[in-house]
Amino acid sequence: MAWLRYGLLAALLALAWPPMAAADESQVLLVAHPDVRIASLTRDTTRAIFAMRQRTWPNGQAVRVHVLNNDDPVHGRFVKERLSVYPHQLQLAWDRMVFSGTGQAPTRVFSQAEMRERIANTPGALGYLEREYLDDRVQVVSTE
């Protein structure tokens, strides 16, 4: 009877293994315009930029943040995995800044293809893409 339990456990683990590998392939990466001279950002800095609290790059150039809609699964994964917050928390921060007149919300895009185009064509731009949407017109920025 014990061998049956261990056999079932092994079968369940074997079935669960391929989705884990597939999830790793669709990792959401931080991307920037090629002229941005930053190779990596800390989680705190990335969070400050996406919360619209840090508005410039270290060289003084304006950061142009681009995001997908709140209900987009890629947006949810990026915000939770890379920023360690929930999408609604980020939205509340943006709403507060807009309604108080102290800042602007990021630019919304409707697809990853549009995100790639906007990042590639907007100096100082920052956003995120799944690996399959990357090309040589954007640079990946690592996060620590």
Side-chain angles (χ1 to χ4, degrees), residues 5-144:
R5 269 189 259 161
Y6 290 117
L8 285 173
L9 179 60
L12 288 172
L13 288 174
L15 289 173
W17 192 260
M20 287 183 213
D24 199 32
E25 291 173 1
S26 65
Q27 183 181 20
V28 183
L29 303 168
L30 189 62
V31 294
H33 187 273
D35 289 345
V36 172
R37 301 285 182 225
I38 298 289
S40 69
L41 292 171
T42 65
R43 182 179 302 239
D44 288 342
T45 301
T46 306
R47 189 182 301 131
I49 290 171
F50 276 89
M52 308 304 283
R53 290 189 319 263
Q54 181 171 330
R55 299 176 184 156
T56 59
W57 293 106
N59 67 1
Q61 181 182 26
V63 178
R64 305 289 183 215
V65 178
H66 294 76
V67 297
L68 292 166
N69 285 324
N70 283 345
D71 60 352
D72 191 298
V74 174
H75 176 73
R77 284 199 344 259
F78 173 77
V79 170
K80 289 177 194 171
E81 293 170 9
R82 300 288 179 185
L83 306 180
S84 298
V85 296
Y86 289 100
H88 72 272
Q89 292 172 303
L90 208 49
Q91 184 65 53
L92 285 172
W94 298 333
D95 290 347
R96 232 183 338 244
M97 292 183 77
V98 169
F99 294 134
S100 69
T102 60
Q104 293 180 315
T107 302
R108 290 222 188 254
V109 296
F110 298 101
S111 69
Q112 290 187 74
E114 183 184 359
M115 173 86 75
R116 182 183 56 224
E117 292 302 316
R118 294 278 186 106
I119 301 288
N121 296 313
T122 308
L126 185 69
Y128 47 86
L129 294 169
E130 288 179 308
R131 188 173 299 280
E132 66 193 65
Y133 287 91
L134 295 177
D135 65 19
D136 60 350
R137 297 176 297 155
V138 297
Q139 70 163 328
V140 174
V141 177
S142 66
T143 53
E144 303 166 1

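A donor and an acceptor atom, one from each side chain of N70 and H88, are nowhere located under 3.5 Å apart.
Here the OH-OG distance, from Y133 to S26, works out to 11.0 Å after rounding to the nearest 0.5 Å. With rounding to the nearest 0.5 angstrom, the CD atom of E81 is 10.0 Å from the OG1 atom of T143. One distance of note links OG1 of T107 with CE of M115; it measures 10.0 Å at 0.5 Å rounding. Rounding to the nearest 0.5 Å gives a distance of 12.5 Å between CD of Q27 and CG of L129. With rounding to the nearest 0.5 angstrom, the OG atom of S142 is 7.5 Å from the CG atom of L41. Distance check: N121 CG to R64 CZ gives 14.5 Å after rounding to the nearest 0.5 Å.
With a 4.5 Å cut-off on side-chain heavy atoms, V138 and P34 do not count as touching. Contact annotation: the side chain of Y86 never approaches that of V79 to less than 4.5 Å [non-hydrogen atoms, C-beta and beyond]. Between V140 and L30 the shortest side-chain heavy-atom distance does not fall below 4.5 Å. Counting heavy atoms from C-beta outward, V65 and V63 have side chains that approach closer than 4.5 Å. The side-chain heavy atoms of H75 and P87, taken from C-beta on, include a pair separated by under 4.5 Å. Within the 4.5 Å cutoff, the side chain of V85 has no heavy atoms near those of the K80 side chain.
Under the side chain to side chain contact (heavy atoms under 4.5 Å, CB included) criterion, T42 pairs with D44, T45, E144, not counting sequence neighbours.
Judged by distance alone, the side chain of N59 and the main-chain N or O of Q61 form a donor-acceptor pair under 3.5 Å. A donor-acceptor contact shorter than 3.5 Å links the side chain of E114 to the backbone of F110. Under the 3.5 Å distance criterion, the side-chain polar atoms of Q104 are left unmatched by any main-chain donor or acceptor of V98. A donor-acceptor pair is defined here as one N or O able to donate and one able to accept, closer than 3.5 Å; no such pair exists between the side chain of R53 and the backbone of R47. Between the side chain of T46 and the backbone N or O of L83 there is no donor-acceptor pair closer than 3.5 Å. The backbone N or O of V67 sits nowhere less than 3.5 Å from a side-chain atom of R108 that would complete a donor-acceptor pair.
Each side-chain hydrogen bond (donor to acceptor under 3.5 Å, both in side chains) pair with one or both residues in residues 94-103, not counting sequence neighbours, appears once here: Q91-D95, S100-T102.
Considering all non-hydrogen atoms of both residues, G103 and R55 come closest at CA-NH2, 3.7 Å. Shown here for H66 and A125, the closest heavy-atom pair between the two residues is CE1-CB, 3.9 Å. A pairwise comparison of heavy atoms in A32 and L126 identifies CB-CD1, 4.0 Å as the closest pair. Shown here for R82 and R43, the closest heavy-atom pair between the two residues is O-CG, 3.4 Å.
Ring geometry for Y128 versus F78: interplanar angle under 30°, hence parallel rather than tilted (30 to 60°).
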(request) Go through the steps to decide whether E130 and L29 satisfy the test side chain to side chain contact (heavy atoms under 4.5 Å, CB included), and finish with yes or no. (result) CA-CA 6 Å; E130 288 179 308; L29 303 168; over 6 Å; no
